[in-house]
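Per chain, numbering begins at 1; letters A, B, ... match sequence-line order.
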Amino acid sequence: MQNENGKNSAEGGSASGGKIASSAALSASVTVALITLVTIIADLNPPLKDWLKSTFSHHWIGKGVLAAAIFIVLTFLFRLMSLKTDAAGLSRKLAGLFWVGVLGALAIFGFYFYEAFLVG
Amino acid sequence: MTSFLQILLIAHIIFGLLGVIAFYAVWMGLLKHKPSPRFLKFSSLWGFIALVLSWFTGGYYYVAYYGTTVKPVIKAGGYPWAHALFMEAKEHVFLLLPFLAAVVALVIWFWSERMETETATPLGSGFQIKRSLVLLSGLITVLGIIITLAGVIISGAVR
(Lines give C-alpha, C1' and ligand atoms only; values in the text may rest on other atoms or scores of the structure.)
Protein backbone atom coordinates (compact mmCIF):
# COMPACT_ATOMS: atom_id res chain seq x y z
CA MET A 1 0.00 0.00 0.00
CA GLN A 2 1.44 3.38 -0.97
CA ASN A 3 0.73 6.62 0.88
CA GLU A 4 0.71 10.11 -0.62
CA ASN A 5 4.52 10.32 -0.31
CA GLY A 6 4.98 7.13 -2.25
CA LYS A 7 6.17 5.23 0.83
CA ASN A 8 4.84 1.93 2.04
CA SER A 9 2.18 2.68 4.63
CA ALA A 10 1.97 0.58 7.79
CA GLU A 11 -1.65 1.52 8.16
CA GLY A 12 -3.20 -1.34 6.22
CA GLY A 13 -6.99 -1.41 6.15
CA SER A 14 -7.35 0.94 9.14
CA ALA A 15 -5.49 4.26 9.18
CA SER A 16 -6.23 4.95 12.86
CA GLY A 17 -5.27 1.37 13.78
CA GLY A 18 -1.88 1.74 12.09
CA LYS A 19 -1.27 5.03 13.88
CA ILE A 20 -2.20 3.51 17.24
CA ALA A 21 0.12 0.54 16.64
CA SER A 22 2.96 2.90 15.75
CA SER A 23 2.21 5.19 18.72
CA ALA A 24 1.96 2.20 21.08
CA ALA A 25 5.39 0.93 19.95
CA LEU A 26 7.01 4.28 20.83
CA SER A 27 4.99 4.61 24.04
CA ALA A 28 5.98 1.08 25.13
CA SER A 29 9.68 1.94 24.68
CA VAL A 30 9.30 4.95 26.98
CA THR A 31 7.23 2.91 29.48
CA VAL A 32 9.73 0.02 29.60
CA ALA A 33 12.63 2.45 30.09
CA LEU A 34 10.71 4.24 32.89
CA ILE A 35 9.81 0.96 34.66
CA THR A 36 13.49 -0.01 34.61
CA LEU A 37 14.64 3.38 35.91
CA VAL A 38 11.96 3.64 38.62
CA THR A 39 12.70 0.06 39.76
CA ILE A 40 16.40 0.78 40.23
CA ILE A 41 16.04 4.33 41.56
CA ALA A 42 13.30 3.36 44.04
CA ASP A 43 15.54 0.64 45.48
CA LEU A 44 18.44 3.06 45.90
CA ASN A 45 16.25 5.95 47.09
CA PRO A 46 13.94 4.89 49.99
CA PRO A 47 11.78 8.09 49.90
CA LEU A 48 10.63 7.21 46.36
CA LYS A 49 9.80 3.63 47.39
CA ASP A 50 8.00 4.95 50.48
CA TRP A 51 5.99 7.35 48.32
CA LEU A 52 4.98 4.48 46.00
CA LYS A 53 3.95 2.43 49.05
CA SER A 54 1.99 5.22 50.72
CA THR A 55 0.27 6.32 47.51
CA PHE A 56 -0.57 2.93 45.99
CA SER A 57 -0.49 0.65 49.09
CA HIS A 58 2.47 -1.31 47.63
CA HIS A 59 5.51 -0.26 45.59
CA TRP A 60 4.85 -2.96 42.96
CA ILE A 61 1.24 -1.81 42.50
CA GLY A 62 2.52 1.77 42.20
CA LYS A 63 4.97 0.83 39.45
CA GLY A 64 2.31 -1.18 37.59
CA VAL A 65 -0.38 1.53 37.82
CA LEU A 66 2.04 4.30 36.80
CA ALA A 67 3.39 2.19 33.91
CA ALA A 68 -0.10 1.40 32.60
CA ALA A 69 -1.16 5.05 32.90
CA ILE A 70 1.97 6.31 31.16
CA PHE A 71 1.59 3.74 28.37
CA ILE A 72 -2.05 4.65 27.71
CA VAL A 73 -1.57 8.43 27.93
CA LEU A 74 1.57 8.44 25.77
CA THR A 75 -0.03 6.18 23.16
CA PHE A 76 -2.87 8.66 22.71
CA LEU A 77 -0.53 11.66 22.85
CA PHE A 78 1.73 10.17 20.16
CA ARG A 79 -1.41 9.26 18.22
CA LEU A 80 -2.44 12.93 18.24
CA MET A 81 1.02 14.05 17.13
CA SER A 82 1.87 13.67 13.48
CA LEU A 83 4.27 10.77 13.88
CA LYS A 84 5.50 8.95 10.80
CA THR A 85 3.36 5.85 10.41
CA ASP A 86 4.98 4.41 7.28
CA ALA A 87 6.31 0.86 7.40
CA ALA A 88 9.94 2.00 7.78
CA GLY A 89 9.03 4.19 10.78
CA LEU A 90 7.07 1.38 12.43
CA SER A 91 9.96 -1.02 11.79
CA ARG A 92 12.40 1.37 13.54
CA LYS A 93 10.05 1.81 16.52
CA LEU A 94 9.66 -1.98 16.92
CA ALA A 95 13.42 -2.53 16.70
CA GLY A 96 13.90 0.22 19.29
CA LEU A 97 11.35 -1.42 21.59
CA PHE A 98 13.17 -4.76 21.27
CA TRP A 99 16.49 -3.24 22.34
CA VAL A 100 14.91 -1.21 25.17
CA GLY A 101 13.27 -4.45 26.37
CA VAL A 102 16.55 -6.39 26.24
CA LEU A 103 18.50 -3.65 28.02
CA GLY A 104 15.72 -3.13 30.58
CA ALA A 105 15.57 -6.83 31.49
CA LEU A 106 19.40 -7.05 31.66
CA ALA A 107 19.56 -3.92 33.82
CA ILE A 108 16.97 -5.29 36.26
CA PHE A 109 18.66 -8.70 36.52
CA GLY A 110 22.10 -7.06 36.77
CA PHE A 111 20.96 -4.64 39.45
CA TYR A 112 19.42 -7.33 41.65
CA PHE A 113 22.44 -9.61 41.12
CA TYR A 114 24.58 -6.72 42.37
CA GLU A 115 22.24 -6.12 45.33
CA ALA A 116 22.03 -9.83 46.22
CA PHE A 117 25.67 -10.87 45.92
CA LEU A 118 27.94 -7.84 45.75
CA VAL A 119 26.48 -5.51 48.38
CA GLY A 120 26.89 -6.52 52.01
CA MET B 1 -2.87 -20.08 52.83
CA THR B 2 -6.57 -19.72 52.01
CA SER B 3 -8.09 -21.66 49.12
CA PHE B 4 -8.74 -18.33 47.35
CA LEU B 5 -5.01 -17.51 47.40
CA GLN B 6 -4.18 -21.05 46.28
CA ILE B 7 -6.52 -20.63 43.31
CA LEU B 8 -4.92 -17.26 42.50
CA LEU B 9 -1.42 -18.77 42.62
CA ILE B 10 -2.44 -21.66 40.35
CA ALA B 11 -4.22 -19.23 37.99
CA HIS B 12 -1.08 -17.03 37.91
CA ILE B 13 1.04 -20.02 36.85
CA ILE B 14 -1.48 -21.33 34.28
CA PHE B 15 -2.12 -17.91 32.69
CA GLY B 16 1.62 -17.20 32.64
CA LEU B 17 2.36 -20.51 30.91
CA LEU B 18 -0.49 -19.93 28.43
CA GLY B 19 0.93 -16.48 27.66
CA VAL B 20 4.41 -17.89 27.04
CA ILE B 21 3.02 -20.71 24.87
CA ALA B 22 0.93 -18.22 22.86
CA PHE B 23 3.91 -15.97 22.16
CA TYR B 24 6.07 -18.98 21.30
CA ALA B 25 3.34 -19.85 18.78
CA VAL B 26 3.45 -16.26 17.44
CA TRP B 27 7.25 -16.46 17.21
CA MET B 28 7.15 -19.75 15.27
CA GLY B 29 4.18 -18.57 13.18
CA LEU B 30 6.07 -15.45 12.09
CA LEU B 31 9.06 -17.55 11.04
CA LYS B 32 6.93 -19.41 8.50
CA HIS B 33 7.32 -18.48 4.84
CA LYS B 34 3.59 -17.69 4.66
CA PRO B 35 2.33 -16.81 8.14
CA SER B 36 -1.38 -17.22 8.81
CA PRO B 37 -2.83 -13.79 9.79
CA ARG B 38 -5.75 -15.42 11.60
CA PHE B 39 -3.47 -17.66 13.68
CA LEU B 40 -1.15 -14.77 14.53
CA LYS B 41 -4.05 -12.50 15.55
CA PHE B 42 -5.62 -15.21 17.71
CA SER B 43 -2.34 -16.22 19.39
CA SER B 44 -1.08 -12.68 20.06
CA LEU B 45 -4.41 -11.46 21.44
CA TRP B 46 -4.87 -14.45 23.76
CA GLY B 47 -1.21 -14.31 24.73
CA PHE B 48 -1.63 -10.66 25.75
CA ILE B 49 -4.84 -11.41 27.69
CA ALA B 50 -3.20 -14.39 29.44
CA LEU B 51 -0.19 -12.28 30.50
CA VAL B 52 -2.45 -9.52 31.86
CA LEU B 53 -4.50 -12.09 33.81
CA SER B 54 -1.27 -13.63 35.14
CA TRP B 55 -0.19 -10.11 36.14
CA PHE B 56 -3.36 -9.49 38.17
CA THR B 57 -3.63 -12.92 39.81
CA GLY B 58 0.08 -13.08 40.63
CA GLY B 59 0.07 -9.45 41.78
CA TYR B 60 -2.78 -10.02 44.23
CA TYR B 61 -1.07 -13.12 45.65
CA TYR B 62 2.26 -11.28 45.90
CA VAL B 63 0.83 -8.23 47.66
CA ALA B 64 -1.64 -10.08 49.92
CA TYR B 65 0.43 -13.12 50.92
CA TYR B 66 3.98 -13.46 49.57
CA GLY B 67 5.46 -10.34 51.17
CA THR B 68 4.17 -11.03 54.66
CA THR B 69 4.36 -14.83 54.81
CA VAL B 70 6.64 -16.35 52.15
CA LYS B 71 9.36 -13.70 51.86
CA PRO B 72 10.40 -13.84 55.56
CA VAL B 73 10.69 -17.65 55.34
CA ILE B 74 12.95 -17.46 52.28
CA LYS B 75 15.10 -14.68 53.76
CA ALA B 76 15.57 -16.63 57.00
CA GLY B 77 16.29 -19.90 55.18
CA GLY B 78 19.34 -21.29 53.42
CA TYR B 79 18.69 -19.57 50.10
CA PRO B 80 17.95 -15.88 50.78
CA TRP B 81 19.26 -15.01 47.29
CA ALA B 82 16.16 -16.77 45.86
CA HIS B 83 14.19 -13.72 46.95
CA ALA B 84 16.91 -11.07 46.68
CA LEU B 85 17.77 -11.95 43.09
CA PHE B 86 15.11 -14.15 41.50
CA MET B 87 11.91 -12.80 43.07
CA GLU B 88 12.95 -9.17 42.82
CA ALA B 89 14.03 -9.56 39.19
CA LYS B 90 10.97 -11.71 38.31
CA GLU B 91 8.41 -9.30 39.71
CA HIS B 92 9.96 -6.32 37.92
CA VAL B 93 10.78 -7.93 34.57
CA PHE B 94 7.22 -9.23 34.57
CA LEU B 95 6.07 -5.59 34.60
CA LEU B 96 7.60 -5.19 31.13
CA LEU B 97 5.89 -8.13 29.41
CA PRO B 98 2.27 -6.89 28.98
CA PHE B 99 3.52 -3.73 27.23
CA LEU B 100 5.73 -5.70 24.83
CA ALA B 101 2.83 -8.12 24.26
CA ALA B 102 0.31 -5.30 23.66
CA VAL B 103 2.51 -3.82 20.93
CA VAL B 104 3.07 -7.18 19.21
CA ALA B 105 -0.69 -7.87 19.28
CA LEU B 106 -1.57 -4.37 18.00
CA VAL B 107 0.92 -4.48 15.12
CA ILE B 108 -0.12 -8.01 14.12
CA TRP B 109 -3.80 -7.01 14.33
CA PHE B 110 -3.35 -4.10 11.93
CA TRP B 111 -0.60 -5.42 9.71
CA SER B 112 -0.68 -9.23 9.42
CA GLU B 113 -3.13 -9.32 6.49
CA ARG B 114 -0.44 -7.74 4.30
CA MET B 115 2.43 -9.91 5.50
CA GLU B 116 2.36 -12.23 2.49
CA THR B 117 2.67 -9.42 -0.03
CA GLU B 118 5.08 -7.11 1.79
CA THR B 119 7.74 -9.49 3.07
CA ALA B 120 8.90 -10.80 -0.28
CA THR B 121 11.88 -8.40 -0.49
CA PRO B 122 14.47 -9.02 2.27
CA LEU B 123 15.37 -5.31 2.45
CA GLY B 124 11.77 -4.06 2.26
CA SER B 125 10.08 -2.30 5.20
CA GLY B 126 7.49 -5.09 5.48
CA PHE B 127 10.30 -7.59 5.93
CA GLN B 128 11.87 -5.36 8.59
CA ILE B 129 8.56 -5.15 10.51
CA LYS B 130 8.22 -8.93 10.39
CA ARG B 131 11.81 -9.33 11.61
CA SER B 132 11.18 -6.93 14.51
CA LEU B 133 8.01 -8.84 15.43
CA VAL B 134 10.02 -12.09 15.38
CA LEU B 135 12.56 -10.52 17.77
CA LEU B 136 9.88 -9.10 20.09
CA SER B 137 7.83 -12.31 20.28
CA GLY B 138 11.09 -14.24 20.85
CA LEU B 139 12.03 -11.80 23.64
CA ILE B 140 8.61 -12.21 25.32
CA THR B 141 8.99 -16.02 25.11
CA VAL B 142 12.55 -16.08 26.49
CA LEU B 143 11.78 -13.63 29.32
CA GLY B 144 8.62 -15.63 30.09
CA ILE B 145 10.64 -18.85 30.35
CA ILE B 146 13.25 -17.16 32.60
CA ILE B 147 10.47 -15.79 34.84
CA THR B 148 8.87 -19.26 34.99
CA LEU B 149 12.18 -20.86 36.01
CA ALA B 150 12.68 -18.10 38.60
CA GLY B 151 9.28 -19.07 40.02
CA VAL B 152 10.44 -22.68 40.30
CA ILE B 153 13.59 -21.59 42.18
CA ILE B 154 11.55 -19.38 44.54
CA SER B 155 9.09 -22.22 45.26
CA GLY B 156 12.01 -24.57 45.94
CA ALA B 157 13.62 -22.08 48.33
CA VAL B 158 10.53 -22.02 50.58
CA ARG B 159 10.65 -25.78 51.22
Nearest heavy-atom approach of A:Leu94 to B:Val107 is CD2-CG2, 3.9 Å
Co-membership, hydrophobic cluster, residues B:Leu31 and B:Leu40, 4.5 Å side-chain
yes
Rounded to the nearest 0.5 Å, the CG atom of A:Leu90 sits from the CD atom of B:Gln128 at a distance of 11.5 Å
Same apolar cluster (I L V M F W Y, side chains within < 4.5 Å links), B:Ile49/B:Trp109:
yes
Separation between CZ of B:Phe86 and CZ of A:Phe109, rounded to the nearest 0.5 Å:
7.5 Å
Scored by heavy-atom pairs under 4.5 Å with chain A, the best of B:Pro80, B:Gly67, B:Ala84 is B:Ala84
Decide whether A:Ile108 and A:Leu37 are clustered together by the hydrophobic rule: side chain heavy atoms of Ile, Leu, Val, Met, Phe, Trp, Tyr closer than 4.5 Å, transitively.
yes
Supply the atom-to-atom distance B:Phe99 CZ to A:Thr75 OG1, rounded to the nearest 0.5 angstrom.
9.5 Å
Is there a ring-ring contact (aromatic ring centres under 6.0 Å, His included) between A:Tyr112 and B:His92? Walk through the geometry before answering.
CA-CA 10 Å; A:Tyr112 284 113; B:His92 290 102; 5.6 Å; yes
I need the residue from B:Leu143, B:Val63, B:Ile146 with the largest number of non-hydrogen atom pairs under 4.5 Å to chain A.
B:Val63
For atom OH of B:Tyr24, decide whether the heavy atoms of other residues, nucleotides or ligands shown that lie under 6.0 angstrom number more than 12.
no
Using a 4.5 Å heavy-atom cutoff, which residues in residues 55-73 of chain A come close to chain B?
A:His58, A:His59, A:Trp60, A:Ile61, A:Lys63, A:Gly64, A:Ala67, A:Ala68, A:Phe71
Report yes or no: do B:Ile145 and B:Phe23 belong to one cluster of Ile/Leu/Val/Met/Phe/Trp/Tyr joined by side chain heavy-atom distances under 4.5 Å?
no
Rounded to the nearest 0.5 Å, how far apart are CZ of B:Arg131 and OG of A:Ser91?
7.5 Å
Structural part of A:Phe117 lying under 4.5 Å from a heavy atom of chain B:
side chain
A:Ala105, A:Ser29, A:Gly101: which one forms the most heavy-atom pairs within less than 4.5 Å of chain B?
A:Ala105
Please identify which of these residues, A:Val32, A:Thr31, A:Val100, meets the side chain to side chain contact (heavy atoms under 4.5 Å, CB included) condition with B:Leu100.
A:Val32
Roughly how far, to the nearest 0.5 Å, is NZ of A:Lys93 from OG of B:Ser132?
11.5 Å
Is it the side chain or the backbone of A:Val102 that comes within 4.5 Å of chain B heavy atoms, both, or neither?
both
CG of B:Leu136 to CG of A:Leu97: how many Å apart, nearest 0.5 Å?
5.0 Å
Between A:Leu106 and A:Ile41, is there a shared hydrophobic cluster once you connect ILVMFWY residues whose side-chain heavy atoms come closer than 4.5 Å?
yes
Less than 4.5 Å to any heavy atom of chain A: does that hold for the side chain of B:Ala102, its backbone, both, or neither?
side chain
Could you tell me which non-hydrogen atom of B:Val103 sits nearest to which non-hydrogen atom of A:Ala28, and how far apart they are?
CG2-CB, 3.5 Å
Residue pair A:Gly104 / B:Leu96: nearest heavy atoms and the distance that separates them
C-CD1, 4.3 Å
